[in-house]
Asks: 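This structure is in structure tokens; I'll ask about it shortly.
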Amino acid sequence: MSVTPNRPSLSSDMLATVMVAAFSMVVALGFARVFADWPFVVDLAVIVGVGHGLGLLLRRWRLTAWIAVPVLAVGLAWTVLAVYYPETFSWGMPTSTTWAMLGEQLEAVRGEFRTAVAPVDYGGGWDVLAAIGLAIAVLLADVFAFRAD
């Protein structure tokens, strides 16, 4: 089976994705300096896995960056909300309650940001803020590793 020059083989694409995902997971583990305990690892690993897995799937489907990058961004946003607010979803979609809870927690973190000293508790909005930051890092890593020509 011949492979077109612009499309890597599945095995090399998967290997590259695993390597970038491993790097993203190391970034996630860096939050050990921010949080007092380790429960964040599983939640952030889900975001890394979904983000890079979806990025691989979109590449294999050969979607253009104009479509794939927004789809990946929305997929990561949905994943963050699903991990932290699953009880507020209806039919698999975030509701107004989801957005209200997110806004309240981010506002609480904003109020504490200047005076908080690490390590902080994994919760109360700090968890979601870390997940949003990691989701942005995963999105940028995937885009720059595989789509920035």
Side-chain angles (χ1 to χ4, degrees), residues 8-63 65-148:
S9 68
L10 177 60
S11 60
S12 66
D13 201 8
M14 286 180 67
L15 178 62
T17 300
V18 167
M19 294 285 108
V20 174
F23 180 78
S24 295
M25 197 59 217
V26 170
V27 170
L29 291 173
F31 282 105
R33 296 183 59 122
V34 176
F35 298 116
D37 215 348
W38 290 92
F40 69 92
V41 173
V42 173
D43 294 340
L44 297 185
V46 169
I47 293 165
V48 168
V50 169
H52 288 297
L54 181 58
L56 173 66
L57 187 63
L58 295 172
R59 282 193 310 281
R60 298 313 294 177
W61 286 346
R62 302 184 89 170
L63 294 178
W66 291 104
I67 296 170
V69 173
V71 168
L72 183 56
V74 168
L76 281 164
W78 182 91
T79 302
V80 168
L81 294 174
V83 166
Y84 294 98
Y85 309 107
E87 67 281 352
T88 65
F89 274 45
S90 177
W91 295 89
M93 296 302 290
T95 62
S96 59
T97 304
T98 310
W99 297 106
M101 287 180 72
L102 174 66
E104 289 170 11
Q105 287 192 335
L106 292 179
E107 187 62 33
V109 168
R110 184 174 176 243
E112 298 172 13
F113 198 82
R114 287 184 182 240
T115 58
V117 177
V120 296
D121 289 330
Y122 183 66
W126 292 102
D127 51 354
V128 179
L129 186 62
I132 291 169
L134 181 64
I136 292 169
V138 167
L139 175 68
L140 292 174
D142 193 80
V143 168
F144 283 111
F146 301 109
R147 295 197 178 268

Asks: Please find the pair of heavy atoms, one from Ser24 and one from Leu134, that lie closest to each other, and give the distance.
Replies: O-CD1, 3.9 Å
Asks: Keeping the roles fixed (side chain from Thr79, backbone from Ile47), state whether a donor-acceptor pair exists under 3.5 Å.
Replies: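 Pair absent, no side-chain N/O of Thr79 close to backbone of Ile47.
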Asks: List the residues meeting side chain to side chain contact (heavy atoms under 4.5 Å, CB included) with Ala65, not counting sequence neighbours, and say none if there are none.
Replies: Val69, Arg147
Asks: Got more than 12 heavy atoms from elsewhere within 6.0 Å of CZ, Arg110?
Replies: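 No, not enclosed.
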Asks: When rounded to the nearest 0.5 angstrom, what distance separates NE2 in His52 from CG in Leu57?
Replies: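 One finds 14.5 Å between NE2 of His52 and CG of Leu57.
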Asks: Measure across Val120 and Trp126 and return the closest heavy-atom pair with its distance rounded to 0.1 Å.
Replies: CG2-CG, 3.9 Å
Asks: Let me see the working for Val20 and Phe146 under side chain to side chain contact (heavy atoms under 4.5 Å, CB included), right down to the final yes or no.
Replies: CA-CA 10 Å; Val20 174; Phe146 301 109; 3.9 Å; yes
Asks: Using 0.5 Å steps for rounding, measure from the CH2 atom of Trp61 to the CG atom of Leu54.
Replies: 7.5 Å
Asks: Counting heavy atoms not belonging to Phe23, are there more than 12 under 6.0 Å from its CZ?
Replies: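 Result for CZ/Phe23: open.
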Asks: Kindly give the heavy-atom pair with the smallest separation between Gly51 and Val138, and that separation in Å.
Replies: CA-CG1, 3.9 Å
Asks: Identify the heavy atoms of Leu44 and Ala131 that sit nearest to each other, and give their distance.
Replies: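 So the two residues come closest at CD2-CA, 3.9 Å.
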Asks: Would you check, one step at a time, whether the test side chain to side chain contact (heavy atoms under 4.5 Å, CB included) holds for Arg59 with Thr17?
Replies: CA-CA 11 Å; Arg59 282 193 310 281; Thr17 300; 2.5 Å; yes
Asks: For residues Gly124 and Val109, report the shortest heavy-atom separation together with the two atoms involved.
Replies: O-CG2, 3.6 Å
Asks: Could you state the interatomic distance from CG (Leu76) to CG (Asp142), rounded to the nearest 0.5 Å?
Replies: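 Those atoms lie 8.5 Å apart.
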Asks: Could you work out, with side chain to side chain contact (heavy atoms under 4.5 Å, CB included) as the rule, every residue matching Val41, not counting sequence neighbours?
Replies: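 For Val41 the side chain to side chain contact (heavy atoms under 4.5 Å, CB included) partners, ignoring immediate neighbours, are Met25, Leu29, Trp38.
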Asks: Please verify the inter-ring angle class for Phe35 with Phe40; under 30° counts as parallel, over 60° as perpendicular, anything in between as tilted.
Replies: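 Plane angle between 30° and 60°, so tilted.
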Asks: Would you check if Leu72 and Leu58 make a side-chain contact, meaning some heavy-atom pair closer than 4.5 Å?
Replies: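 Counting from C-beta outward, Leu72 and Leu58 do come under 4.5 Å.
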Asks: Listing request: all ring pair (Phe, Tyr, Trp, His ring centres under 6.0 Å) pairs with a residue in residues 80-103, at least two apart in sequence or in separate chains.
Replies: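 Residue pairs passing ring pair (Phe, Tyr, Trp, His ring centres under 6.0 Å), neighbours aside: Trp78-Phe89.
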Asks: Measuring from Arg60:CZ to Asp13:CG, what's the distance to the nearest 0.5 Å?
Replies: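 Output value for this atom pair is 5.0 Å.
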